[in-house]
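Data block below; observations after.
Per chain, numbering begins at 1; letters A, B, ... match sequence-line order.
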Protein chains: 2
Amino acid sequence: MRRPATLASLAAELGVSRTTVSNAYNRPDQLSPELRRRVLETARRLGYPGPDPVARSLRTRKAGAVGLLLTENLSYAFRDPAALGFLEGLALACEGAGQGLHLVPVNPEREDVAAVHRAGVDGFVVYSVPDDDPHLAAVLSRPVPTVVADQPHVEGVDRVGIDDRGAITALAKRLIALGHRRVGVLCMRLTRDRNDGFVSTDRAETATFHVQRARLAGLTDAFSAVGVDWGRVPVVERFDHSISSGASAAAQLLDADPHVTALICTSDILALGALAEARRRGLRVPQDLTVTGFDGIADADRAGLTTVRQPVLEKGRAAGKLLLASVDPTRPREITLNTELVPGATAAPPRTAEERWFGP
Amino acid sequence: MRRPATLASLAAELGVSRTTVSNAYNRPDQLSPELRRRVLETARRLGYPGPDPVARSLRTRKAGAVGLLLTENLSYAFRDPAALGFLEGLALACEGAGQGLHLVPVNPEREDVAAVHRAGVDGFVVYSVPDDDPHLAAVLSRPVPTVVADQPHVEGVDRVGIDDRGAITALAKRLIALGHRRVGVLCMRLTRDRNDGFVSTDRAETATFHVQRARLAGLTDAFSAVGVDWGRVPVVERFDHSISSGASAAAQLLDADPHVTALICTSDILALGALAEARRRGLRVPQDLTVTGFDGIADADRAGLTTVRQPVLEKGRAAGKLLLASVDPTRPREITLNTELVPGATAAPPRTAEERWFGP
DNA sequence: CTGAAAGCGCTAACAG
DNA sequence: CTGTTAGCGCTTTCAG
């Protein structure tokens, strides 16, 4: 088989100009139906598959795709309902605009930013990566529009998110109103390095995962305001985001401080794990222990978890829309979506000391 | 701001050739560290973001990405655990090879194949689309390697899948051994058109979704072999793949034929819906009704569903590996993964007529 | 309705 | 180690 046909060879074969062949594909109204038929017919005969997408992209300066940069490992994204919701929303937005969605391969092992530079895309969405992620820096260095989601604001870059700090503060106030003062916190990983265990105040404040940092800060705000010494509040971190991680974190925390009356978790997944651990220990929720989550995923709903619901699908869709509207100077530069407190059934007033010893 | 810097303008500025600049990025060992430093430094100063990925792709004939063609609507894929597992496996394979994963936007509304032609990718994976999907045809017309998964074999195209027909036959034999003869079937959509309701033998045989067709055929095999007149077996189809669809399908079937002793579902999701409907009707499973699924998703496990487990993540990974190994002529051309019967706890012998009337 | 001219921005021999 | 040459395959004014 000879080398593959190109638009030029097709034109030669037909004895017409390249323009005409190009038009046959891209501007059917620019040539006679008859000629067009002939062109397409000959293309089929020669096995010409139509204009090469890459060459076309080079010429038109449009790749027809949006790049998506996700947390270190992709598997994570496919297992976390909140991330999935975002992905779905973004995919929907792309689909609606006829744009492809290019998942940038981020090899967790070797730190290789090359993939970002190799991605033929018209723009990027960056979702919840650590502030110091080199891939993020690489994305920002590319001369294409970018939208960050669940990330700190970057000068000149559009942004989508929620008020993590305020939302969890509201939840905390609810617990405070119920009477909780001695609480424990379970959070997701705070930096790129694994640190399964207790978290110092300093670590919490310098966490490079913006969302986690903001949520912890929100808790500090609320409890400090009522005189709780936040430095004494036990905070346990887990690198892996899974129900079993949540369970083990809860175990670690309860072992260290059996007197906490509430376990505040920065994600529903962790909270579901905490519920499992409470059950294992024979602690009734919420009578013996209050447990709260964050996100509002379906499983949390089913479990009746007290949590904060955020519109993850909308967030993804908003990110996509913002990116695809980059040409429009009147678009918003920043979108903060609303959250909603879900009362659920896993929060109640703490037991009094008497109750602890003598039963309800 | 003047027009963006290019490799050529950088070279001019530096007074070196374009090759040298190119080498600075792509072959650091081909020039002195000092010169390289100067090049990169000047690049930063001029705001040159590095070689344009599209131009590079055109030149190298490598896009560095794999295209993925999925069922009509993307949301579906993000909500179906089996599809998600496949996606995760594929993403893992791509990630491992440093390849991007380009989700092809398939607009469910207008039938627009253009996106397939616009995708700058080195190959395609096609997962579970109808046999007559025009996007599939478009993919096959492109001169790049392709792997189909959960699809019928296509001449010259690599394939990954399981033995759907055999696997469900094995499950059916189990039910037959238990004594079930009067059964009903719940299946997913069989064609691109919506048809929520009963399925004729003809429709079942001409279904364009290969997987569903194969599973129904497997059931026919097993039950026909023991003398059950398959033409009389009620089969209910649902377009939407959700638990509530499964429930409504079960309701429709049980209303039409209250005497079936088993509900065989072609997916776990549908089966979970059937379980819910059974519960709603006060039917005990498996004493009053046997229910089976297919896939082996986590929720099915949790529900103790009798089903067939298939290695969805492995399937995705295998598809990716096969595609990325396309250059290797010794690779397998077709991979059939093993499935496993999961006994579960939702299948039992049917109640006898006496038991039906007088209780167990 | 058709064609000629002019690159899009880059890389890969190959020769110095 | 560096430069010259020669396109990759296509689209797009702008004339005819």
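In summary, A:Glu88 and A:Arg317 do not engage in a salt bridge, as defined by a charged side-chain N under 4.0 Å from a carboxylate O.
For the pair B:Gln30 CD and C:dA12 C1', the computed distance is 11 Å after rounding to whole Å. Rounded to whole Å, the distance from CZ on A:Arg118 to C1' on C:dG9 is 17 Å. Distance A:Lys62 NZ to C:dG9 C1': 16 Å, rounded to the nearest Å. Between the CG atom of B:Asn26 and the P atom of C:dT11 there is a distance of 5 Å, given to the nearest Å. Residue B:Arg38 contributes atom CZ, which lies 12 Å from atom C1' of D:dT2 at whole-angstrom precision. To the nearest angstrom, C1' of C:dT11 lies 16 Å from CG of B:Leu10. Note: CD (B:Glu34) to P (D:dC1) measures 13 Å, nearest angstrom. We find that CZ of A:Arg142 is positioned 14 Å from P of C:dG9, with the value rounded to whole Å.
Using a 4.0 Å heavy-atom criterion, one finds that B:Arg18 contacts the bases of the nucleic acid, with or without backbone contacts as well. Within the nucleic acid shown, B:Val54 has no heavy atom closer than 4.0 Å to any nucleic acid atom. No engagement by B:Tyr25 is indicated, since no non-hydrogen atom pair under 4.0 Å with the nucleic acid exists.
With C:dC10, D:dC8, C:dT11 as the candidates, the nucleotide lying closest to the side chain of B:Leu58 is D:dC8. Comparing D:dC8, D:dC10, C:dC1 by their closest approach to the side chain of A:Arg59 singles out D:dC10. Out of D:dG3, C:dT2, D:dT12, the shortest distance to the side chain of B:Thr20 is found at D:dG3. Closest contact between the side chain of B:Ser17 and the listed nucleotides D:dT4, C:dG3, C:dT11 involves D:dT4. Taking every side-chain heavy atom of A:Leu31 into account, C:dT2 is the closest of C:dT2, D:dC10, D:dT2.
Side-chain nitrogen and oxygen atoms of A:Thr6 include none within less than 4.0 Å of the OP1 or OP2 phosphate oxygen of D:dG9. Between B:Asn23 and C:dT11 there is no side-chain N or O to OP1 or OP2 distance below 4.0 Å. An OP1 or OP2 oxygen of D:dG9 is reached within less than 4.0 angstrom by a side-chain nitrogen or oxygen of B:Arg61. A:Arg56 has a side-chain polar atom (N or O) that falls below the 4.0 Å cut-off from OP1 or OP2 of D:dT11.
Atom CZ of B:Arg27 has 12 or fewer heavy atoms from other residues, nucleotides or ligands within 6.0 Å.
B:Arg159 and B:Pro152 make their closest contact through NE-C, 3.8 Å (heavy atoms, listed as atom of the first residue, atom of the second, distance).
Take the nearest nucleotide of DNA chain D for A:Thr60 and for B:Asp29: the residue whose nucleotide is more 5' is B:Asp29. DNA chain D is contacted by both B:Pro33 and A:Pro51; B:Pro33 maps to the nucleotide lying nearer its 5′ end (nearest heavy atom per residue).
Side-chain atoms of A:Glu334 and A:Leu322, non-hydrogen and from C-beta on, never get closer than 4.5 Å to each other.
Side-chain polar atoms of A:Asn23 and A:Arg36 form no donor-acceptor pair below 3.5 angstrom.
Judged as a side chain to side chain donor-acceptor pair (under 3.5 Å), not a single pair has a partner in residues 89-106 of chain A (not counting sequence neighbours).
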Filtered N/O pairs between nucleotides 13-16 of chain D and protein, under 3.5 Å:
none

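In this structure, NE2 on B:His117 lies 9.5 Å from CG on B:Asp112, to the nearest 0.5 angstrom.
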For this session: Please step through salt bridge (charged side-chain N to carboxylate O under 4.0 Å, His left out) for the pair B:Asp132 and B:Arg192, ending with a clear verdict.
Result: CA-CA 9 Å; B:Asp132 58 346; B:Arg192 295 201 278 154; 3.6 Å; yes
